[in-house]
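Here is the structure we will look at, set down as structure tokens.
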Protein chains: 2
Amino acid sequence: MAKTPGTPKFRREPPVARREALIEATLVCLRRFGHEGMSVRQISAQAGVSAGLINHHFPSITTLVAAAYDSLATSLLHSIRRQAHDVSKTPRERLRRFFEASFAPDLLDPGLFNTWLVFWSMVSHDAEMRAVHDRTYGAYRATLESLLGQLRLDDDIPAFKLRPAAIGLSALMDGLWIEASMNSRTFKPAAAVSLCEDWTNALCAGAFPGLRAGGRASALQRPKPPQKTQSES
Amino acid sequence: MAKTPGTPKFRREPPVARREALIEATLVCLRRFGHEGMSVRQISAQAGVSAGLINHHFPSITTLVAAAYDSLATSLLHSIRRQAHDVSKTPRERLRRFFEASFAPDLLDPGLFNTWLVFWSMVSHDAEMRAVHDRTYGAYRATLESLLGQLRLDDDIPAFKLRPAAIGLSALMDGLWIEASMNSRTFKPAAAVSLCEDWTNALCAGAFPGLRAGGRASALQRPKPPQKTQSES
DNA sequence: CGCCTTGTAATACAACCGTTCAACAAGGAA
DNA sequence: TTCCTTGTTGAACGGTTGTATTACAAGGCG
């Protein structure tokens with residue numbers, strides 16, 4: 001008698017489901033409020049749970065943010081790659097679709113940019129964030145290298161160095177994405193795609209001497225070996 | 001008698017000098033501690049004054065940060081432009097020096113990158129920061145347009161659209177600067193200069209159809225006017 | 001039905017935040 | 001030397017932060 005449990009005050013969830021929900025809430029808060037959204041109370045409110053629950057599933061707030069970084073970066077790369085992957089198309093067409101997916105409206109959302117800024121600002125201060133960054137950025141550049149490598153097989157394209165080419169292309173894309181995210185009136189998304197395609201076509205036309213393979217224009221080589229200080233063409 | 005003023009407890013400064021000192025202290029804190037350095041107490045401690053003094057010279061902390069943004073952006077642009085300006089050199093050589101100055105060690109400091117991230121993260125939330133960003137970024141791109149314009153006069157270079165070209169080049173430079181700032185082991189500064197020079201040379205060789213003037217490939221035109229679809233230059 | 005594990009809530013805590021304000025003193029002016 | 005302007009201090013305020021800890025209750029198991 002008088003038990004009247006009515007509606008339970010909370011629902012128990014399996015740890016993995018709750019963790020994913022917290023990660024999702026973190027992404028929502030970062031997108032909406034930027035750096036100020038990275039707070040235990042904001043995130044827990046967004047997830048509809050108490051503040052203390054976060055420290056029960058994650059040792060600290062930065063670990064949760066690192067998990068959110070990993071989740072978002074992986075998700076975005078997979079999404080873009082899925083849209084670009086079409087075996088019935090030519091490598092050049094696949095690359096074009098990769099560009100178009102990268103500058104689609106949902107990727108140019110200012111909220112997404114603010115989220116990314118929070119991640120970047122933590123990379124140099126937090127070891128976990130640095131690890132996630134190195135891994136996800138490596139995967140991103142590897143995808144670019146793969147697409148450029150397929151391109152290189154076709155036609156009579158002069159050989160170019162894959163890794164430096166991917167670095168240059170990803171830099172161009174990043175710079176365009178940033179400016180478009182900060183001020184959408186500077187240029188239209190189609191302009192960014194056009195600039196990327198032009199860059200790729202120029203690469204295939206051999207217009208970038210510093211990227212030609214086999215040559216001595218090796219300023220772009222991996223910095224790892226002992227640096228023989230040779231001329232850069 | 002018994003006055004013994006000894007060392008005065010503080011020194012009065014003219015308002016402009018004190019404001020400049022506070023701006024300098026702000027830049028030091030942002031460089032060192034990133035987003036956590038943007039605090040009244042940290043900045044005032046760095047400047048060697050009390051916390052309350054900041055609100056006496058600036059209506060709020062964000063106004064101080066906006067002033068610091070303006071100061072740093074203007075200072076850096078002037079410095080780079082000074083190194084590139086040499087009337088005895090060819091336009092192409094001036095552009096090369098602009099690249100080299102942009103990827104010099106003091107510009108690739110991770111602390112500078114963290115400072116910039118703080119500024120960027122505030123642009124979408126604060127009107128003052130947005131105003132500073134639009135103004136300084138406009139000045140930066142105008143410098144790039146000027147250098148590219150001088151280049152265009154020489155030789156028999158096919159005409160290209162100045163503004164979209166400056167947008168593309170600044171995007172490439174920004175992307176390279178960001179990656180170099182986040183992970184200095186990815187590539188050497190000379191590689192960034194090489195990629196920028198290659199891009200410029202390809203532009204002058206007419207390798208970028210989307211940037212050619214007069215063509216109908218006008219995806220890069222200004223979005224502002226009522227779109228008469230005419231070519232610029 | 002009752003126990004027991006454990007996911008969850010709620011509170012407490014010390015430290016920090018930006019801003020306000022009254023009191024002080026530095027240093028030029030008269 | 002005295003006064004007065006005003007740059008400057010330092011405490012106070014209400015708010016926030018991340019984390020630790022305690023008490024609770026949901027829901028499976030015996």
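Computed from a prediction, not measured in an experiment: that's the story for all the values here. Below, chain A is the first sequence line, B the second, and so on; all start at residue 1.
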Query - Spacing between Arg18(B) atom CZ and dT9(D) atom P, to the nearest angstrom - result: 6 Å

Query raised in the report: Which whole-number value in Å describes the distance from Phe33(A) CZ to dT16(D) P?
Result: 13 Å

Requested in this report: Take the protein atom CZ of Arg11(B) and the nucleotide atom C1' of dA26(C), then report the distance between them rounded to whole Å.
Outcome: 12 Å

Report summary line: From CG of Leu53(A) across to P of dT19(D) the rounded distance in Å is 14 Å

Query raised in the report: Would one find more than 12 heavy atoms of other residues, nucleotides or ligands at under 6.0 Å from atom NE2 of His125(A)?
Result: yes

Give me, pair by pair, the N or O atoms of the protein and of nucleotides 14-17 of chain C that are less than 3.5 Å apart, along with how far apart they are.
residue : atom : partner  : partner atom : Å
dC17(C) : OP1  : Ser39(B) : OG           : 2.9

Query - Minimum-distance nucleotide to Arg12(A) side chain [options: dT6(C), dT19(D), dT9(D)] - result: dT6(C)

Query - Partners passing salt bridge (Lys or Arg N to Asp or Glu O under 4.0 Å) against Arg96(B) (at least two apart in sequence or in another chain) - result: Glu93(B), Glu100(B)

Report task. Applying side chain to side chain donor-acceptor pair (under 3.5 Å), name anything that partners Glu13(B), two or more places apart in sequence or on another chain. Result -> Arg11(B)

Query raised in the report: Start at the 5' end of DNA chain C and walk down; is the nucleotide closest to Pro59(B) or to Lys9(B) reached first?
Result: Pro59(B)

Requested in this report: Measure from CZ on Arg19(A) to P on dT8(C) and round the result to the nearest Å.
Outcome: 11 Å

Requested in this report: Could you check which of dT8(D), dG18(D), dA9(C) has an atom nearest any side-chain atom of Ile61(A)?
Outcome: dG18(D)

**Report entry** Partner residues of Asp70(A) under the side chain to side chain donor-acceptor pair (under 3.5 Å) criterion, sequence neighbours left out
**Finding:** Thr74(A), Arg135(A)

Query raised in the report: More than 12 foreign heavy atoms under 6.0 Å from CD of Glu36(B): is that the case here?
Result: no

Query raised in the report: What's the CD-C1' distance between Glu13(A) and dA26(D), to the nearest Å?
Result: 12 Å

Report task. Can you tell me the distance, in whole Å, between the NE2 atom of His56(A) and the C1' atom of dT11(C)? Result -> 17 Å

Requested in this report: Could you list all the salt bridge (charged side-chain N to carboxylate O under 4.0 Å, His left out) pairs where at least one residue sits in residues 106-126 of chain B, not counting sequence neighbours?
Outcome: Arg31(B)-Asp109(B)

Query raised in the report: How close or far is atom C1' of dA9(C) from atom CZ of Phe10(A), stated in whole angstroms?
Result: 7 Å

Query raised in the report: Quick one: ring pair (Phe, Tyr, Trp, His ring centres under 6.0 Å) pairs with a partner in residues 9-41 of chain A, sequence neighbours left out?
Result: His35(A)-His35(B)

